[in-house]
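Here the structure is a predicted model, which means the values were calculated and not measured. Every heavy atom of this structure was used, including side-chain atoms; hydrogens, water molecules and symmetry mates were not. Starting from 1, each residue takes its place in the sequence as its number.
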Amino acid sequence: MPVKRNFIIALLFGCCLFVLLYCNTIPEKKASQPLLYKNWSDTVHYVGMQTCRTCHENIYNTFIQTGMGQSWDHATKNKSSAKFDQHAYVYDPYKNFWYHPYWKNDSLYIMEYRLSGRDTTYRRVQKISYIVGSGQHTNSHIWTENGYLYQAPITFYTQKGIWDLPPGFDQGMNTRFSRIISVECMNCHNMYPRFDSTSENKFISVKTGIECERCHGAGGEHVREKLQGIIVDTSKEIDYSIVNPGKLSRDLQVELCQRCHLQGITVLNEGKSYFDFHPGMPLNTVMNVFMPRYEGGQEKFIMASHADRMKQSRCYLNSNMTCLTCHNPHVSVKFTSNDRFNNACQSCHSGNASTECTLPISQRIKENNNCFKCHMPVSETIDIPNVTVHDHRIQIPLSKKAKNEILRFVGLECLTTKKPSLLLLAQGYLETYEAFSPQPFLLDSADKFLSQMPDKDNFSYRQEMIRYFFLKNNYDQVVAHSLGLEPDKIPDAWTCYRIGEGYFQSGDLKNALAFYKHAAEIKSSNPEFMNKLGTTLTALNRIDEAGEVFYKITQENAAYAPALSNLGYVYLLKGDLQYAGSLFDKALAIDPDYTQAILNKIALALRLQKNEDAKQLAQRLLKIEPDNEKAKTVIKQLSL
């Protein structure tokens, strides 16, 4: 299974000592009634920021300098905040790869290479298409292949001025150039793209930065009304042709901000996509978000959890503050004076200074009476290395003892639905395991919630049980829970894929083929699904059909090494040894540690009676996988 999202790493859960099944403890509050905005309709089109600019030039000029306005752009020297000097090298000691970013004319490249002594034994150069991040914290790098977007394995951390591996790529978890940029990633880091829904990470076109309509909704109806002379006096009433977040209720204001500033585990509602959320809606009409909860370590938090941290504050609980109380989203924090933030504090804490602040007057003067410096300290985050950010949990500074408390995971909390169903809770734990941290206790929690569901004939229950047993590698139970289900009646490609894998691993290739085929029909631009379809056809000795599938993948995504290797295997079976070898070499040029390509190349060497080459390849494989039995057998046989 590919990693579907990024930027929360396994370290979030790696320090767990125990687990409790944490139920939601959101306090009771009056439900917010959503307003019915005209631009919620699917018939209203997006007009683009340049159209908004024609009437809102001043706001445009400040907004494009914000972190949102500079969130994503083409890889140019002007966009990059990185240093390209003699220190622009990164080494991954676990995977034994070096990385070096450099400019060639006006194009940015990242070179991945290996050394043996002073000799370069492997080298890959990848052109970078986009840079993600305003440069306030990081610049991450995106490369593309025929519209498929992937994250490159190197990030520049601007606060420390260093290059390093991206979040989640360290400690042996470097996925190199294969981490996909999914529509979920894009949904918070950029304006809405044109997305190929038959894929996981293929985009027809992408914008260059978050735009006005991410927070205000589609502008087509607003523009139409203004051109027709329909003007609303917004000092007296709401203009329902466009969403003004400042006119939303407190809850809905925060819901809008936490769409992206609540980085957690997202579970989409059935039949919904990330494009279905519109400003002014409650988040749970489209999706639900879970956050990990801990005991101890109160100062430790996920970087993009501003809304969650703020909502834990007594300031938030005892007032009507929202994100807009302190932040003007049209103006960069870099150009916002400290007075704006401190004045927000003093609007409530306006009593006698000697009772409001316990610091000695001399120290307060030294700190310019800066409230947020003490009560929102700059802190490291538990998911992004080399980065600090103000903690939005406004609180009395923690004692040294509190800061040194052991961080212990106690469960997930759903922040968008007060009383989540058993199914939703199970989905939260399954998603956490699959996308972020494969810790067994997460599956145990999911199993507990699923076992408590009363309706076990419900398709949703069966679907999540199939997912649960798939993640446990219990393929017999995957098959058992899918009995009676017909592939073409299942709308979810991933469920079809999991059932197909269950049948494949159980040796039932005929049924595996049917489910893989339907998964590939729904997601025809997902190379993993297509590759499994081709693999099954090969196992059924339908070689020509398999070759057509593998060839289609390579034409669609030439950087997908498994398809190149498998297409080479088809040609090996057909006797075209030279072409087969060239395809194996292409696969290994993309991924020098791809086990199956090395095994296929060993088979080719043996076929050509190049026993010494086969032995060297087997030794190479054992350096990557010391317990690989096939490589051991080859060496043993060739050593007789």
Side-chain angles (χ1 to χ4, degrees), residues 58-59 61-70 81 133-138 157-162 245-246 250 253-254 257-258 261 297-382 384-404:
N58 291 339
I59 291 175
N61 287 335
T62 58
F63 177 76
I64 59 172
Q65 300 178 66
T66 66
M68 290 185 288
Q70 297 182 7
S81 302
S134 65
Q136 184 173 343
H137 299 106
T138 65
Y157 295 88
T158 53
Q159 291 175 324
K160 289 189 175 181
I162 62 171
R250 182 199 193 200
Q253 269 191 38
V254 176
C257 295
Q258 71 181 20
H261 293 272
Q298 295 181 45
E299 86 287 2
K300 297 180 174 67
F301 56 92
I302 296 168
M303 180 177 173
S305 61
H306 311 82
D308 179 39
R309 297 292 286 181
M310 177 187 72
K311 289 163 76 173
Q312 296 177 44
S313 307
R314 289 178 62 188
C315 291
Y316 179 84
L317 295 172
N318 296 324
S319 76
N320 290 316
M321 71 174 290
T322 71
C323 307
L324 300 183
T325 301
C326 297
H327 291 283
N328 179 350
H330 297 143
V331 179
S332 171
V333 292
K334 293 183 293 186
F335 306 124
T336 302
S337 70
N338 290 348
D339 288 343
R340 176 181 173 95
F341 304 117
N342 289 323
N343 288 341
C345 299
Q346 293 164 13
S347 66
C348 289
H349 300 275
S350 55
N352 188 315
S354 63
T355 60
E356 290 289 336
C357 183
T358 59
L359 283 181
I361 185 65
S362 59
Q363 189 170 345
R364 293 208 308 271
I365 293 173
K366 182 180 179 181
E367 299 293 348
N368 296 317
N369 282 315
N370 190 331
C371 308
F372 68 86
K373 185 172 183 180
C374 288
H375 299 283
M376 298 177 64
V378 172
S379 306
E380 295 180 346
T381 64
I382 58 178
I384 311 293
N386 306 313
V387 162
T388 59
V389 65
H390 279 283
D391 184 1
H392 281 58
R393 183 178 180 178
I394 310 164
Q395 59 188 315
I396 296 172
L398 295 171
S399 66
K400 185 176 180 180
K401 179 181 178 182
K403 288 183 178 181
N404 291 331

First locate atom [atom1] of [X], then atom [atom2] of [Y], and finally report the distance between them rounded to the nearest 0.5 Å.
X: N338; Y: F372; atom1: CG; atom2: CZ; answer: 3.5 Å
X: N58; Y: H330; atom1: CG; atom2: NE2; answer: 12.0 Å
X: M68; Y: S332; atom1: CE; atom2: OG; answer: 9.5 Å
X: N342; Y: H375; atom1: CG; atom2: NE2; answer: 10.0 Å
X: I59; Y: N328; atom1: CD1; atom2: CG; answer: 8.5 Å

Are any side-chain N or O atoms of [X] and backbone N or O atoms of [Y], one a donor and one an acceptor, separated by less than 3.5 Å?
X: T158; Y: G135; answer: yes
X: D391; Y: P377; answer: no
X: S313; Y: I394; answer: yes
X: S134; Y: Q70; answer: no

Do [X] and [Y] have side-chain heavy atoms sitting under 4.5 Å apart?
X: R340; Y: N343; value: no
X: R393; Y: F301; value: no
X: V254; Y: Y316; value: yes
X: Q395; Y: R314; value: no
X: H137; Y: I384; value: no
X: C315; Y: H349; value: yes
X: T381; Y: V389; value: yes
X: Q159; Y: V387; value: yes

Report summary line: Only one of H261, Q258, M321 passes side chain to side chain contact (heavy atoms under 4.5 Å, CB included) with M310, and that residue is M321
Report summary line: Here the pair of heavy atoms bringing A344 nearest to S347 is O-OG, 2.6 Å
Report summary line: For I302 and I382 the tightest heavy-atom approach is N-CG1, 4.0 Å
Report summary line: The salt bridge (charged side-chain N to carboxylate O under 4.0 Å, His left out) partners of K160 (sequence neighbours excluded) come to none
Query raised in the report: So with a 6.0 Å cut-off around CD of Q65, is the heavy-atom count from everything else above 12?
Result: yes
Query - Test side-chain contact (heavy atoms from CB on, under 4.5 Å) applied to L324 - qualifying residues, sequence neighbours left out - result: Q253, T322, P329
**Report entry** Mutual orientation of the aromatic rings belonging to H392 and H327 [parallel < 30°, tilted 30-60°, perpendicular > 60°]
**Finding:** parallel
